[in-house]
Protein chains: 2
Amino acid sequence: MAKHINLNRLAYFTAVVETRSFTAAAQRLSTTKAVVSQQVARLEEEIGTTLLIRTTRNVHATEAGLAFYARCITILREAEDAFDALAERAVKPSGLLRITATFDYGISVIVPKIAAFTALYPACEVDLSLSDERIDLVSSNIDMAIRVGWLSDSTLQARRIDSFRQILVASPQMAPAVSHLDSPRALETLPFVANSALRHPLHWNFSHGEDDPIAVRLRAAVSIDATLGVLAAVQAGAGLSVLPDYIAAPLIGSGELIHVLPDWSLPIGGIFVVFPAARYRPAHARAFVDLLSTPAKRCYCR
Amino acid sequence: MAKHINLNRLAYFTAVVETRSFTAAAQRLSTTKAVVSQQVARLEEEIGTTLLIRTTRNVHATEAGLAFYARCITILREAEDAFDALAERAVKPSGLLRITATFDYGISVIVPKIAAFTALYPACEVDLSLSDERIDLVSSNIDMAIRVGWLSDSTLQARRIDSFRQILVASPQMAPAVSHLDSPRALETLPFVANSALRHPLHWNFSHGEDDPIAVRLRAAVSIDATLGVLAAVQAGAGLSVLPDYIAAPLIGSGELIHVLPDWSLPIGGIFVVFPAARYRPAHARAFVDLLSTPAKRCYCR
DNA sequence: ACATACTGTATGTATTTTCTATACAATGGG
DNA sequence: CCCATTGTATAGAAAATACATACAGTATGT
């Protein structure tokens, strides 16, 4: 068996056959005739067959050369098509985009974005997986994950696409107990719905203007490991809790929740999009991130 | 438009997809994993798309990579077929073999050889062009020419496959005039049929044993430019002439011609097969030359 | 839990291949 | 017969590839 086949030489050979000239072939390939001559010579050497008969004035293919040429052009045509298809895919978003996001942010922010995205790029399909677990992007073949809070795993490529405020809320039925509060200290005796998905569900730093933040340790009446569950508990009157603005703001606006201690603020969190460690991002992923990064016209608080 | 496509990288990529491992792919290609890694990385760089997602423990193709892989395997399969077809053609004689030969030698020697050749290689067809002219092998797309005598054109590749004696003959009806001759000198007054296809149709050097040859200049009663025409003239009694042994011997054996001055010999000529200046000879041409070179069991003179 | 073996990648160097820039022999046209 | 043009040859430069090794990360086996 021959060592290895060098497919790159096929292009030189076909160019010579088609132009019936080494010089013209060199021009078409924008190289020199010496290179074309050498490449074709090596091709013939590799396959041990004379493909072209050259005189100083004329070039034409042998019988074997003609048969080989016929195969070459289909091979080259197919290769070109394959590369073109990739290039098109790289430029024009298409195909299936697999996303994972947390329940809360996914439902309230990502789903509307996806709707806008598929309207913009009809060639794209989106598969959204809502889960608060940290799924392995590679083994699940996921193009991007939307993660809320603070990044822990640093091996993956991430990009901050948004930030969120955390808001202390209560149900309107608790208004009598919370509307007169003027310091976070007073919260320590009130029932609190803990979000056990957080790293420190009961420890909160409240800031007021330029003053130093006040660290408060709350008392968990209920612990739930999903933000939307916390919301339900709060709405059911189980206690106060902290919710991200993208959840709380609409409900505060509609009066379904009340903003407790509105002059005090909690740390700002980040929304990150995380990618598998791929060198080149597919076009649909790039396009979706662009859409995510465009400033939404939402203005939850204030 | 991208610079240039390097088709050689496709083999590396497909090997990784099929083995699901860079290491295994390297083994299959009998190279190192570092090379495979680099080649695939460059392929991805060239096309600007991530084809494979690698973790330290696992490799699998992206959506784009899978689509590209599907195209790659057909391309590689076709290329392999194309090269295999060439190799087979180089090994197993097949296809059309174009030969040109002189009328005389062609008819008396080549045609029987061709019959044997096509019987031996049923996949071969032979196109024999009988002509005493020196045809241009390249422009006529001829695989080999059988030439008789002495080579003049040295740019072509040639190989001596046979030699022939030249025999002074006459028709039996001239026997009274020639049977008593004992020296070539006596020929100068006899009618001679000149073969004007030769370079010096009337000038002949007769040798006798170890003596110096005797140069004789003959008188052309008739000039004909084809050996078979000369034969016909001789048989018609137009005069003496010199014929190659492969023509004369059978006729002498059957008594249709007589050998004049049988103790004197004329220069030995060569039979040459001439090829176009191709580096690699097609298999059917090689096989035919092999057949030509096998010593025929003919023994015309003596 | 921890050592281990194995993964893919990175790096530096050697080797091969390809390119560039000539010069050259051969050939056909004017 | 001169001259332009053909394909090839050659040497040196540049690039690509191969090789050997080292490394970081992670499954696996105990």
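The analysis underlying the following values was restricted to heavy atoms, covering all of them including side chains, and did not include hydrogens, waters or symmetry mates. Here is the naming used below: chain letters follow the sequence lines, and residue numbers restart at 1 for every chain. Note that the structure is a prediction, hence the values are computed from the model and not measured.
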- [ ] May I have the distance from A:Leu7 (atom CG) to D:dT17 (atom C1'), rounded to whole angstrom?
- [x] 16 Å
Task: Nearest heavy-atom neighbours spanning B:Ala64 and B:Thr49 - done: CB-CG2, 3.9 Å
Open item on the list: With rounding to the nearest 0.5 angstrom, report the OH to OG1 distance, B:Tyr69 to B:Thr62.
Closed with: 14.0 Å
Open item on the list: Any side-chain N or O of A:Arg42 below 4.0 angstrom from OP1/OP2 of C:dT18?
Closed with: yes
TODO: If the plane angle is over 60° it's perpendicular, under 30° parallel, otherwise tilted; pick one for A:Phe117 and A:Phe288.
DONE: perpendicular
Task: Euclidean distance, atom CG of residue B:Leu43 to atom P of D:dA16 [Å, nearest integer] - done: 15 Å
Please list each protein N or O that sits under 3.5 Å from an N or O in nucleotides 5-9 of chain C, with the distance.
| unit_1 | atom_1 | unit_2 | atom_2 | d |
| --- | --- | --- | --- | --- |
| C:dC6 | O2 | B:Arg57 | NH1 | 2.9 |
| C:dG8 | OP1 | B:Phe22 | N | 2.7 |
| C:dG8 | OP2 | B:Phe22 | N | 3.4 |
| C:dG8 | OP2 | B:Thr23 | N | 2.8 |
| C:dG8 | OP2 | B:Thr23 | OG1 | 2.4 |
| C:dG8 | N7 | B:Lys33 | NZ | 2.9 |
| C:dG8 | O6 | B:Lys33 | NZ | 3.4 |
| C:dT9 | OP1 | B:Arg54 | NE | 2.2 |
| C:dT9 | OP2 | B:Ser37 | OG | 2.8 |

- [ ] For B:Phe13 and B:Cys72, work out which heavy atoms get closest and say how close.
- [x] CD2-SG, 4.1 Å
Open item on the list: Can you confirm if the aromatic rings of A:Tyr105 and A:Phe164 lie within a centre distance of less than 6.0 Å?
Closed with: no
TODO: Return the value, rounded to whole Å, for the distance between atom CG of A:Leu52 and atom P of D:dG7.
DONE: 10 Å
TODO: Ignoring backbone atoms, test whether A:Asn6 places a side-chain nitrogen or oxygen under 4.0 Å from the OP1 or OP2 oxygen of C:dT18.
DONE: yes
Open item on the list: Is the phosphate of D:dA18 approached by B:Gln39 (side-chain N or O, under 4.0 Å from OP1 or OP2)?
Closed with: yes
Open item on the list: Nearest whole Å is fine: how far is D:dG7 P from A:Tyr12 OH?
Closed with: 16 Å
- [ ] Respond yes when some side-chain nitrogen or oxygen of B:Arg9 is under 4.0 Å from OP1 or OP2 of D:dA16, and no when none is.
- [x] no
Open item on the list: Using the side-chain hydrogen bond (donor to acceptor under 3.5 Å, both in side chains) criterion, which residues pair with A:Arg286? Sequence neighbours excluded.
Closed with: none
